[in-house]
Q: 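Got a structure here, written out as structure tokens. Questions coming.
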Amino acid sequence: MSQRYDHDAVEAKWQKKWEEAHCFEAKDDYTMPKFYPLIEFPYPSGMGLHVGHPRSNTAMDIIARKRRMEGYNVLYPIGWDAFGLPTENYAIKTGVHPRKVTEDNVNLFRGQLKRLGFSFDWSREVNTTDPSYYKWTQWIFLKLYEKGLAYKAEIPINFCTSCKVGLANEEVVDGVCERCGGTVVQKVRSQWMLKITEYAQRLIDDLDGVDFIERVKIQQKNWIGRSEGAEVVFPIEGYPEGLKVYTTRCDTLFGATYMVVSPEHPLIDAMRDKITNMDAVRAYQKEAARKSDFERSELNKEKTGVPLEGVTAVNPVNNQPIPVWVADYVLMGYGTGAIMAVPAHDERDWDFAKKFNLPIIEVVAGGKNVQEEVFTDVASGVLVNSDFLNGLEVKDAIAKMIDWLEKKGIGTRKVNYKLRDWVFTRQRYWGEPIPLVHCEKCGWVPIPYEELPLVLPEIEDYQPTDDGSSALARATDWIKTTCPHCGGPAERETDTMPNWAGSSWYFLRYCDPHNDKELASKEALEYWMPVDWYNGGMEHTTLHLLYSRFWHKFLYDIGAVPTPEPYQKRTSHGMILGENGEKMSKSRGNVINPDDVVAEMGADSFRLYEMFMGAFDQPIPWSTTGARGCRRFLERVWRLQDMLNDADGITEDMKRVVNYTVKKVSEDYEAMKYNTAIAQMMTMVNDIYTKGSISRTEFHILLTLLSPVAPHICEELNELVGSAEPLYETAWPTWDESALVEDSIEYGIQVNGRIRGRILLPAGMDKAQVEEKALAQEDVKPFVEGKTVRKVIVVKNIVNIVVA
RNA sequence: GCCGGAAUGAUGGAAUUGGCAGACGUGACGGACUCAAAAUCCGUUGGGGUUAAACCCGUGUGGGUUCAAGUCCCACUUCCGGCACCA
């Protein structure tokens, strides 16, 4: 009789063995076929590991372990994305150095991850806050600067007037500071920007060559937001450059009845002497500055705006005067910051026109009365009231109008992107210092490459300064330096990089993490890149994933990496919710601590449950009883050691189920359908229990299949039953397709689509024979008799008899 | 608001991608074992209906396409992720 299944002993034993055998370390043998799976490296928060982390980690661990068993050289790395806001906020509150906080949190996370038995290559651990790491983050920034992709711009930040600190959007709740409730204002600061927009088209085009799940591709494309249209200039007396607008619907130019500029538009200042209601305009600008873009562009909110009295533009297609308004639903960051409004055919313009009683002119016929209802369905309309466009369909009208505008020199064809350049600076201490100095004489000057890394200076006080600069501004000795160019006095940048910086290239460092000459050697990059399979959360689709693709493309352009794309394949897991179906959070009190689960039922049960709980790509509520069910399954597997029989190989009656299980599990792992793979192994175990015995070969196959999910218990059982080699050195099993063929097929017989009977027939009968048998079947007869059989359809194992 | 997902028994989910809805797990109920309980093993479990069967209803709501719809199309409802300084 077997001993009790003691998960603590089994798991500790095998974790030690694996570590001593170094069996999960990637080999430097570049002749082997390689496989590089990747999970998003965690941010080591003080809360410790979240049950969400192991979901992605286990999924890729399964693939990593399977690939090793298939003979691949696997690099499955881990590291820490450790710069960030919460750590700094904690330091501000407690006075503990962020480096110390980070170190403690990393130690906590490392211990928790190790306890879960992931087959990470711990010898390649990286940490973004390590100067030997961020040396290369700074190096990339300098390269971007050198190539003209980093520039300064005046960009507003959220500023708490009471804490005197720049706030992340997340820290602004209902317009006030999350921490102190103080008033938040927009404060303009000069910030470093990265020209991601220069890569917009390639970031769209190159999605065709990679294997990302479709929703990721769609979301990235929509985020980049390419549109084709025209820029049209509306002349304004006293404003020589005219008011330039971007439109995708230049066919509707004859229907433009007013124009709108965003509150930040330079026109307002330039025309301030002509504008007769300047006080009202200024007040409106001030009001708008308080709102986020998000609040401003909400469609269902009440439209606001103020006319620019004294300013009149001219519609260039018909020379009609057209009023200009300022309204916050127009954003300076998109297009030209000004629009022509065609209320008859745009919902927001229509609402605005109705509210302020502006004229509405129909130019596309096909809807109802445009005075009462907006008409936006462009596919079905024909142009009216539009001079030379009358009678044309919308798409032909657009083409004709663009030609006309270009010929007349009024407008030009223009591709526009919603994507905006990346604001790359934070008024924070706990980030990578920007390796530039400002010299009175020479302007911004990069520090020489030999001086990298530019190390974060030690400071005593992490409180931000009164003007919204980071605590770095207190490190006056560090700030004061000399200009590398002229040798004169210069000052360092006191803003730091956002935490997206370190995470935009970490997968490159894993290829060669200890290199102090390059970010990674050419040979290592050529062998390991691209990442073969990257799994992570949907929430990173438009920021991290896009930013890292952008950096990678830049590095490719300067010859630093061998591939134009960093990731060959991208998949995504669903979030694990609390038992009540809500997002896990401290405040909701529904947080599940992985340590508690592991202590109660072991890492294997925990891993198994996370893979079994539901569809991998869907959000799923946690269930403690569900997890216990997985523990119960492992105990059933444990007791199979008492059911071993003396049969050799795979017994005849198990042939089908064993082969089917190998196929099902192999294919489902690859498709990330872990839940159904596990369900099939449960079915196989249920079968064995019914039979009461199992051969050694069958048991060994089961253990091999299960080992990527529950590696500790499988290794232990494998050893207990006397296998010569550990499972991690065992080859992945194959299946015999011919063993899956059934001798007979059960057909479901439908009459008019409703199931009426079943019939078991030998396999290989042709359709006519099946049809005949089905029509003669007893249960079916009453539904067919006395009726005319119109048609009989035999598909797969369904016979549908259509009668009338 | 915009972009992307999702909705199936009491419950988490499955369904060969248009072909017998509910695999597998949880819970519940019944049985075996036990002095008893726990654990374990075996069985039942969508709703209505029937002694039993037949049969009827059933995949968020309303319409549609099809021999056949959880799956495709149209219109809605609710929930989840993202919206550029959380990571």
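Quick note on labels: first sequence line is chain A, next is B, and so on, each numbered from 1.
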Q: Using atom names, set out every protein N or O paired with an N or O of nucleotides 40-43 of chain B below 3.5 Å, distance rounded to 0.1 Å.
A:
from: U40(B); atom 1: O3'; to: R639(A); atom 2: NH2; distance (Å): 3.0
from: C41(B); atom 1: OP1; to: R636(A); atom 2: NH1; distance (Å): 2.6
from: C41(B); atom 1: OP1; to: R639(A); atom 2: NH2; distance (Å): 3.1

Q: Please, which pairs that meet salt bridge (charged side-chain N to carboxylate O under 4.0 Å, His left out) have at least one residue in residues 787-802 of chain A, sequence neighbours excluded?
A: none

Q: Output one line per pair: protein atom, nucleotide atom from nucleotides 7-13 of chain B, and distance, for all N/O pairs under 3.5 Å.
A:
from: G12(B); atom 1: O2'; to: M613(A); atom 2: O; distance (Å): 2.7

Q: If the C1' atom of G5(B) is compared with that of C57(B), how far apart are they to the nearest Å?
A: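 Each nucleotide's C1' atom is 31 Å from the other's.
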
Q: Could you check which of C85(B), G19(B), C83(B) has an atom nearest any side-chain atom of I798(A)?
A: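 Closest nucleotide among those given: G19(B).
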
Q: If each of G84(A) and L419(A) is mapped to the nucleotide of RNA chain B with the nearest heavy atom, which maps nearer the 5' terminus, i.e. the 5' end?
A: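 Nearest nucleotide further toward 5': that of L419(A).
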
Q: Using only heavy-atom distances, determine whether the side chains of E40(A) and H540(A) contain a donor-acceptor pair under 3.5 Å.
A: yes

Q: Would you list the protein and nucleotides 66-72 of chain B atom pairs, both N or O, that sit under 3.5 Å from each other?
A:
from: C67(B); atom 1: O2'; to: N800(A); atom 2: ND2; distance (Å): 3.1
from: C67(B); atom 1: O2; to: N800(A); atom 2: ND2; distance (Å): 2.6

Q: Pull up the glycosidic torsion of G47(B) and say syn or anti, syn being anything within 90° of 0.
A: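 Anti conformation here, the glycosidic angle of G47(B) being more than 90° from 0.
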
Q: Classify the nucleic acid contact of I749(A) as base, sugar-phosphate or nothing, counting any heavy atom under 4.0 Å across all strands shown.
A: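 Since no nucleic acid heavy atom lies under 4.0 Å of I749(A), the category is nothing.
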
Q: What parts of residues 676-685 of chain A reach RNA chain B, counting only heavy atoms under 4.0 Å away?
A: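 Residues of residues 676-685 of chain A that come under 4.0 Å of RNA chain B are, in numerical order, T676(A), A679(A), M682(A), T683(A).
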
Q: Classify the side-chain pair N57(A)/R607(A) by whether it contains a donor and acceptor separated by less than 3.5 Å.
A: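 On atom types as modelled, these side chains do not qualify, holding no pair under 3.5 Å.
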
Q: Once hydrogens and angles are ignored, does a donor-acceptor distance under 3.5 Å link the base of C85(B) to the side chain of Q191(A)?
A: yes

Q: Name the nucleic acid region contacted by E171(A), choosing base, sugar-phosphate or nothing; use a 4.0 angstrom heavy-atom cut-off, strictly under.
A: nothing

Q: Could you tell me how far apart Y429(A) (OH) and C85(B) (C1') are, to the nearest whole angstrom?
A: 20 Å

Q: Within 45 degrees of the axis of the six-membered ring of F783(A) and under 6.0 Å from its centre: does R756(A) put its NZ or CZ there?
A: yes

Q: Answer syn or anti for U17(B), where the cut-off is 90° from 0 on the glycosidic torsion.
A: syn

Q: Name the nucleic acid region contacted by I218(A), choosing base, sugar-phosphate or nothing; use a 4.0 angstrom heavy-atom cut-off, strictly under.
A: sugar-phosphate

Q: Is it true that T496(A) and W430(A) share a donor-acceptor pair across their side chains at a distance under 3.5 Å?
A: no

Q: Look at all strands and tell whether K418(A) reaches a base, only sugar-phosphate, or nothing, counting heavy atoms closer than 4.0 Å.
A: base

Q: As a test of your reading of the structure, name each stem of RNA chain B as range with range, where a stem is three or more consecutive Watson-Crick or G-U pairs at under 3.5 Å.
A: B:1-7 with B:77-83, B:10-12 with B:24-26, B:27-32 with B:40-45, B:46-48 with B:55-57, B:60-64 with B:72-76

Q: R420(A) side chain: which of C57(B), A87(B), A84(B) is closest?
A: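 Between C57(B), A87(B), A84(B), the one nearest the side chain of R420(A) would be A84(B).
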
Q: Going by distance alone, is a donor N or O of one side chain under 3.5 Å from an acceptor N or O of the other, for T87(A) and Y43(A)?
A: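 Yes, because at least one side-chain N or O of T87(A) sits under 3.5 Å from a partner of the opposite role on Y43(A).
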
Q: Just checking, any donor-acceptor pair under 3.5 angstrom between side chains of S227(A) and N416(A)?
A: no

Q: With rounding to the closest Å, how many angstrom separate the C1' atoms on A23(B) and U34(B)?
A: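 The same atom, C1', in both gives a distance of 34 Å.
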
Q: For the C1' atoms, the ones on U17(B) and on G1(B), what distance do you get once it is rounded to whole angstrom?
A: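 Here U17(B) and G1(B) have their C1' atoms 34 Å from each other.
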
Q: Can you tell me the distance, in whole Å, between the CZ atom of R628(A) and the P atom of C24(B)?
A: 23 Å

